[in-house]
Enquirer: 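Questions regarding the structure given below will be posed in turn.
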Amino acid sequence: MLEEREIISGTARRANLVTRPRRTRRTENLRRMVRETHLSVDNFIYPLFIAESIKEEVEISSMPGVYRWPVERVAREAETIAALGIPAVLLFGIPDFKDAVGTEAYNPNGVVQAAVREIKKAVPELVVITDVCLCEYTDHGHCGVLDASGYVLNDPTLDLLSKMALSHAEAGADIIAPSDMMDGRIGAIRAALDEGGFENTPIMAYSAKYASGFYGPFREAADSAPAFGDRRSYQMDPPNAREALREVELDIAEGADMIMVKPALAYLDVIARVKDRFDLPLAAYNVSGEYSMLKAAAKMGWLDEERVVRESLTAIKRAGADMIITYHAKEAARWLKS
C-alpha cells in the first residue's frame with residue numbers, strides 16, 4: 001500500500017510541474033506572444049459635441065477633458081483626432097433653437113450638418129458618423145413627437161428621424177447612427193436614404209440601448225435631459241438580455257449594416273451574447289458615466305488612470321466589440337503609441 005501511495009504522489013508531483021500557466025506570464029514579451037485580445041487605435045470612435053451658441057471650446061464640467069466645440073473650430077479638433085490615428089468621430093449637435101418637433105434636427109444648415117461639411121473639408125479621410133435622435137433638438141428633451149399626455153409617438157417620429165438622417169447624408173456624413181430606439185426606425189431611415197440616392201451610406205444602429213443611469217454626464221454635455229419623466233418607455237430595461245438579441249435581429253432585418261450595445265462596461269455580457277449570435281460589425285458605447293467615474297477616481301488618486309482605462313477598453317474588446325465609442329480615445333491612442 002505504501003509503495004502504491006508513493007507512486008501516485010510522485011505522479012501528482014510531476015503533473016504539477018508540467019501544468020504551470022505562469023510560465024508564459026514571466027516577461028512582457030512572453031505575455032505579448034500569447035495575448036488573446038489586442039486593443040488598437042483602429043477600434044476607436046471619438047464622440048464630438050458641436051454647439052451653435054459658442055465661439056470657443058468649453059470644457060464639460062462633469063467630463064474632464066471633453067469639450068463642446070463651435071462649428072468654426074471643430075475641424076481643428078478633427079485634425080488632431082486624425083493625427084492620432086483614430087479613424088472615426090461621432091457627432092452630437094446642440095442647437096440654439098429647440099421646439100416640440102425638433103425642427104433644427106433636419107435643417108440642412110443645422111449645427112451637425114455644418115460641422116460635417118467643415119470636418120470633411122479639412123480631413124476628408126476621417127469617417128464622420130452622425131447621431132440621429134431628436135432629444136437634443138426638442139424643447140421637452142424626449143426622443144420623439146409627444147401626444148397630449150406626454151407619451152412619445154412612435155410612427156410620427158419615424159418621419160422626422162428619416163428627414164434628419166437624409167439631411168446628414170446630404171451634408172456628407174459617412175455613417176448614420178440612429179439612437180432614438182423607436183420601433184421600425186432602421187427600415188424607415190434605410191428607405192429614406194435609398195430613395196434620396198444614398199444607398200451606399202451605411203447605418204450603425206443603436207440596437208440594444210438601455211435606459212441606463214450611466215448617461216448622466218452626457219445629459220449635461222448634449223443639453224438633452226428630459227423636461228419630465230424619463231426614457232424607460234422606449235429604451236431597454238436593464239435586466240433584459242434576451243430582448244437585446246430580438247432588438248438586434250429586428251434592426252438587421254430592417255437593413256442595419258452595423259449594430260451597437262450601449263452602455264458597454266455594465267453590459268459586457270450583452271456584448272458577448274450579441275457577438276456570439278450575429279456576425280455584423282459590432283460597436284459598444286463606453287458612455288459618459290463610465291468615463292467620468294474613472295476620471296474622478298484617478299483625480300482622487302484611487303486608481304492608476306492609464307492602467308484602468310486600458311483594462312476597461314480591453315474588456316470591451318474581449319467581450320466582442322469590433323468598435324469602441326469612447327471619450328478616452330485620444331488619451332488611449334497616445335498611450336498605445338508609447
Side-chain angles (χ1 to χ4, degrees), residues 38-51 57 65-94 108-132 164-179 189-190 193-194 196-206 221 255-260 262 264 280-286 291 309 313 316-317 321-338:
H38 294 274
L39 188 67
S40 166
V41 69
D42 295 341
N43 306 134
F44 298 155
I45 298 168
Y46 187 64
L48 284 173
F49 298 98
I50 322 298
E57 61 268 30
V66 179
Y67 296 79
R68 286 185 179 184
W69 293 91
V71 171
E72 295 79 11
R73 294 176 65 87
V74 71
R76 186 181 304 176
E77 175 68 354
E79 290 171 345
T80 299
I81 293 163
L84 289 168
I86 297 168
V89 292
L90 173 60
L91 305 190
F92 298 91
I94 303 104
N109 298 310
V111 59
V112 164
Q113 292 84 344
V116 170
R117 287 190 284 267
E118 290 297 312
I119 292 171
K120 294 306 287 186
K121 263 193 303 187
V123 200
E125 70 277 11
L126 188 67
V127 174
V128 176
I129 309 167
T130 56
D131 180 82
V132 171
M164 183 179 183
L166 185 57
S167 73
H168 289 181
E170 289 170 343
D174 297 295
I175 299 173
I176 302 300
S179 65
I189 289 171
R190 182 74 272 161
L193 291 174
D194 290 355
F198 295 96
E199 63 276 0
N200 292 323
T201 300
I203 295 174
M204 175 188 285
Y206 285 68
D257 302 282
M258 309 168 189
I259 49 182
M260 189 194 301
K262 178 183 180 182
L280 260 65
L282 173 59
Y285 202 140
N286 180 209
Y291 171 87
V309 169
L313 296 177
I316 298 167
K317 180 77 181 294
D322 303 297
M323 297 161 283
I324 304 172
I325 303 165
T326 178
Y327 304 97
H328 296 293
K330 292 198 296 181
E331 293 167 310
R334 293 186 181 103
W335 292 331
L336 288 171
K337 281 187 176 181
S338 65

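These figures come from a predicted structure and were not determined experimentally.
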Enquirer: Flag the pair P108 / E170 as yes when at least one side-chain heavy-atom distance between them is below 4.5 Å, and no otherwise.
Expert: no
Enquirer: Which atom pair, heavy atoms only, marks the closest approach of R68 to A221?
Expert: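 Heavy atoms only, the tightest pair is NE-O, 2.9 Å.
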Enquirer: Measure across V116 and A171 and return the closest heavy-atom pair with its distance rounded to 0.1 Å.
Expert: CG1-O, 3.5 Å
Enquirer: Heavy atoms, side chains only, cut-off 4.5 Å: are V66 and K330 in contact?
Expert: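 Counting from C-beta outward, V66 and K330 never come under 4.5 Å.
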Enquirer: Quick check: does any side chain N or O of R190 sit under 3.5 Å from a backbone N or O of A256, one acting as donor and the other as acceptor?
Expert: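 Not at all, since once roles are kept as given, no pair shorter than 3.5 Å links the two residues.
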Enquirer: List the atom of A165, the atom of I189, and the distance in Å for their closest heavy-atom pair.
Expert: CB-CG2, 3.6 Å
Enquirer: Check I316 against A284 and note the closest heavy-atom contact, atom names and distance.
Expert: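 Where I316 meets A284 most closely, the heavy atoms are CG2-CB, 3.7 Å.
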Enquirer: Tell me the closest heavy-atom pair linking A329 and I45, and the distance in Å.
Expert: CB-O, 4.5 Å
Enquirer: Nearest 0.5 Å, please: how far is CG in D174 from CE in M204?
Expert: 11.0 Å
Enquirer: Under the 3.5 angstrom rule, does the side chain of K120 hit a backbone N or O of L126 as a donor-acceptor pair?
Expert: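 Answer holds: yes.
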Enquirer: Side-chain contact test, heavy atoms from C-beta onward, threshold under 4.5 Å: evaluate it for L84 versus F44 and give yes or no.
Expert: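 Not touching, per the 4.5 Å side-chain cut-off.
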Enquirer: With side chain to side chain contact (heavy atoms under 4.5 Å, CB included) as the criterion, how do I324 and L39 come out once you've worked through the C-alpha distance, each side chain's angles and the decisive distance to 0.1 Å?
Expert: CA-CA 10 Å; I324 304 172; L39 188 67; 4.0 Å; yes
Enquirer: Residues two or more places apart in sequence or in another chain: which of them pass ring-ring contact (aromatic ring centres under 6.0 Å, His included) with Y291?
Expert: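 For Y291, the residues satisfying ring-ring contact (aromatic ring centres under 6.0 Å, His included) (neighbours in sequence not counted) are Y327, H328.
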Enquirer: Quick one: does V111's side chain get under 4.5 Å of V71's, heavy atoms only?
Expert: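 With C-beta onward as the side chain, the pair touches.
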Enquirer: Looking at side-chain heavy atoms only, is the closest gap between E57 and E77 below 4.5 Å?
Expert: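 They are not in side-chain contact.
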Enquirer: Given side chains that start at C-beta, do those of M258 and I175 come closer than 4.5 Å, heavy atoms only?
Expert: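 Sidechains of I175 and M258: in contact.
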Enquirer: Return the CD1 to CD1 distance between I203 and I129, rounded to the nearest 0.5 Å.
Expert: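 Spacing of CD1 (I203) from CD1 (I129) equals 13.0 Å.
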Enquirer: May I ask you to decide whether E79 forms a salt bridge with R76, counting only side-chain N to carboxylate O separations under 4.0 Å?
Expert: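 No salt bridge links E79 with R76.
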Enquirer: Hey, mind stepping through I81 and L48 against side chain to side chain contact (heavy atoms under 4.5 Å, CB included) and telling me if it holds?
Expert: CA-CA 10 Å; I81 293 163; L48 284 173; 4.0 Å; yes
Enquirer: Under 4.5 Å between any side-chain heavy atoms of L280 and D257, yes or no?
Expert: no
Enquirer: OG1 of T326 to CD1 of I86: how many Å apart, nearest 0.5 Å?
Expert: 9.5 Å
Enquirer: Under the criterion side chain to side chain contact (heavy atoms under 4.5 Å, CB included), I'd like the reasoning laid out for I176 against F198: C-alpha separation, chi angles, the key distance, then a yes or no.
Expert: CA-CA 11 Å; I176 302 300; F198 295 96; over 6 Å; no
Enquirer: To the nearest 0.5 Å, tell me how far Y46 OH sits from L91 CG.
Expert: 12.0 Å
Enquirer: Which distance, rounded to the nearest 0.5 Å, do you find between the CG of L90 and the OH of Y285?
Expert: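 L90 CG to Y285 OH: 5.5 Å, rounded to 0.5 Å.
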Enquirer: Nearest 0.5 Å, what's the CD1-CG distance between I325 and D131?
Expert: 9.0 Å
